[in-house]
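This report refers to the structure that appears directly beneath it.
Because the structure is predicted, anything quoted here is derived from the model rather than measured. The residues of the chain are indexed from 1 along the displayed sequence.
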Amino acid sequence: MLRFTGNRPNGMMNQGKGACEMRKKEKISAREFVAVFSKALKTGLSVRTGFSLLVAVCGFPMALMPTAISLTLRRFADEVQDLYGKGAGVSQTAFALFFVLALEYLLQTCFQVLQSYFSKKDALDIKEYIKETVLRCACGVKYKYIDNEDDFLNKMAFAKTDSGYCVANSIGDSIVWFQNLIAFGSMLYILQEVDGWIVGVLLISSVPAIILANLQKDEEYRYKTKWMTEGALVIHRFHDCCAQKSLNEVRFLGLFDFLKGKWRHSADRYRAVKNAMTRKHVVCNLAADFLRSCVFLFVLYLAARKIFLQPEIGIGVFLLVLNTCGSFQKTAAKLFSGAAQFAGDVRYMKDFFDLEKVEKEEYGEECGLANSEIVFDGVSFSYPNSENRVLKEISVRIHPGEKVAIVGENGSGKTTFINLLLGLYAPQEGTIMIGNLPLAEHVRSCRKNMSAIFQNFGKYEATIRQNIVISDLDRPEDDRGLLELMEKAGAGALLENQKNGLDEMVGSLSDQGNNLSGGQWQRLAITRAAYRENAKIMILDEPTAALDPLAEAELYRNFAKIVAGRTTLFVSHRLGVSKIVDRILVFQDGRIAEDGSHEELMRKNGLYAKMYHAQAQWYN
């Protein structure tokens, strides 16, 4: 159903680049940062299960465990040192401290395992939430965005990949960041009690890592937005080499080397830029890690020097610093790099959360249709990002129960007319009435009274039965009626070699590889449309495109039984349909050039007669 005319796909790419450049220059205000952070935190909590939330809550007191272990270790070391000096055996105090220390390590280890498990599980749940949000957005926005209004398609692609993954990671890490903050504060307190210089040196050594994390995140965002279209082109050219729909042509014409060359050129260019950025990041991070290692050794020197100058403080101070310093550096790195990463991810998350603000389709109140009359009154329409009018002042009335063929050359406006009738688009000018209801105000009610076969109909990986009944899930299933309907639509032969009959799985991914031919899928789509029991209006957009002439003739013979007295619009390039309809609308350059029965239009000897004579040998 998507329609692109002229050079609109290239225009989409250019718009995508422009939009990405705009996003690259955007600065996030403090208010936006707080709003995004709050949204991420709220989302992270809402996605988690009850037990996962319990583990997350327990993580806050458990954040004090590294400090508790360091303090216990200090007391244990001092107690052992005192016993050694006195030449006494193991005291009850030393034994109790050892038991507490072992218990703390065991508790910390068990909680880390539990936290790791739920962290991975929560990450999957959050990614599922991301996908569900993207799907809901794609299925709920106004249809103009599917034609790339406001660069929507590129935003969706970004949300499904880079933006979505960053959102998932940042949402999952937001709670952990607060836990690290508690751990950082507690360790900071006990270290400054030992020596304020130790804290100062450790904090200063963390600054390069913080700056690097922030710069790298910013550079990564600019790279991904700037090169998003090029990355998509690499994937597209790869699929050109092995896409099933074009594989026969590729093999027959020997196009592999040519297509591989195109893919390799794009991939090498894309990868070269990415590798250069990665190399720079690796070198910088190694330098920052080397600095932290040197600082760690210097801190141990400070602790040893303090003990040498003040022997009375005991060897426990050294073990406290040794144990806490490593944890402190790791926690500080997680805390500050996490903050920098979150700050960098805010733009990704803003892009993602902004999808929720895109205009949604308005369905209006549900009302019953008085009849199935269709009225277009002065309707004009242009596709998004285009000034070219595809439909121009269309005015037509289709009476209840009337069978109408819509014909015309490619690009004449036939499918656009159908898209407007289905409420997928709204006209810029004029009104559309279905029965007694304005379509714009009662989209849901009008759609419930319609059934349609689209040019690009669905081929669902499901059973034959499910492929049919999904059009009307509220209708009670009746196998006998379903089989009769399949016969009318020419789909009855589908069941001849199906082991499980209506419940046989079909599709390219089915267990037995039980895929159907194009014509079989189309018969299934026709049956699906006819199954919608309460539909007063039937729309068939090129329903015989994949059928052979004999199957098409059979469909025409059963046409009256299939549509069952409904108002029917039949869009087709094949003018054999003219023999089974009451009226023909001939579209030309966005207007209805001719309107009448087959006999009337043939007598007129105009555009329709010319088209019919050109195809006459098909029907004689």
Side-chain angles (χ1 to χ4, degrees), residues 54-116 175-206 292-336:
L54 179 62
V55 172
V57 171
C58 292
F60 291 99
M62 287 299 297
L64 298 172
M65 188 58 71
T67 302
I69 290 174
S70 295
L71 292 173
T72 305
L73 184 63
R74 176 183 180 178
R75 289 187 60 193
F76 176 73
D78 288 342
E79 181 69 18
V80 172
Q81 185 182 22
D82 289 344
L83 292 173
Y84 178 77
K86 297 174 181 177
V90 177
S91 67
Q92 289 184 348
T93 303
F95 182 80
L97 288 172
F98 179 80
F99 178 78
V100 170
L101 187 63
L103 187 63
E104 287 175 338
Y105 271 115
L106 180 63
L107 185 61
Q108 183 185 52
T109 301
C110 291
F111 183 78
Q112 286 175 346
V113 170
L114 195 64
Q115 191 177 45
S116 175
I175 295 175
V176 176
W177 189 87
F178 279 109
Q179 295 170 352
N180 287 330
L181 181 62
I182 293 173
F184 177 80
S186 64
M187 288 186 285
L188 184 70
Y189 176 77
I190 64 170
L191 284 175
Q192 66 87 25
E193 288 286 307
V194 176
D195 192 332
W197 281 102
I198 292 177
V199 174
V201 170
L202 288 174
L203 289 176
I204 291 172
S205 69
S206 300
R292 281 198 296 269
S293 298
C294 292
V295 167
F296 180 72
L297 294 174
F298 180 68
V299 166
L300 293 181
Y301 164 76
L302 291 178
R305 183 173 180 273
K306 188 175 183 70
I307 295 171
F308 179 78
L309 296 174
Q310 303 176 27
E312 66 276 7
I313 64 176
I315 195 67
V317 168
F318 185 82
L319 291 179
L320 181 144
V321 172
L322 177 65
N323 189 68
T324 306
C325 185
S327 298
F328 183 84
Q329 280 193 316
K330 291 178 182 178
T331 304
K334 291 178 182 178
L335 186 69
F336 294 118

Please output the side-chain donor-acceptor pairs of residues 93-100 that fall under 3.5 Å, not counting sequence neighbours, one pair per line with the distance.
none

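- For the side chain to side chain donor-acceptor pair (under 3.5 Å) condition, the pairs that include at least one residue of residues 62-71, sequence neighbours left out, are Thr67-Ser186, Ser70-Asn323, Ser70-Thr324.
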When the side chains of residues 55-65 are checked against the rest of the protein, which donor-acceptor pairs come out under 3.5 Å, sequence neighbours left out?
none

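- Heavy atoms only, all atoms of each residue included: Ile69 and Leu101 are closest at O-CD1, 3.8 Å.
- In terms of modelled atom types and a separation under 3.5 Å, the side chain of Ser116 and the main chain of Gln112 share no donor-acceptor contact.
- Considering OG1 of Thr331 and CD1 of Ile182, their distance stands at 12.0 Å, rounded to 0.5 Å.
- Take Thr72 and apply the side-chain hydrogen bond (donor to acceptor under 3.5 Å, both in side chains) test, not counting sequence neighbours, and it matches Glu104.
- In this structure, CG in Leu319 is found 5.0 Å from CG in Leu73, a value given to the nearest 0.5 Å.
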* Asked: Please walk me through it: do Leu71 and Leu320 pass side chain to side chain contact (heavy atoms under 4.5 Å, CB included)?
  -> CA-CA 7 Å; Leu71 292 173; Leu320 181 144; 3.9 Å; yes

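- Inter-residue side-chain proximity for Arg74 and Val317 is flagged as met; some heavy-atom pair is nearer than 4.5 Å.
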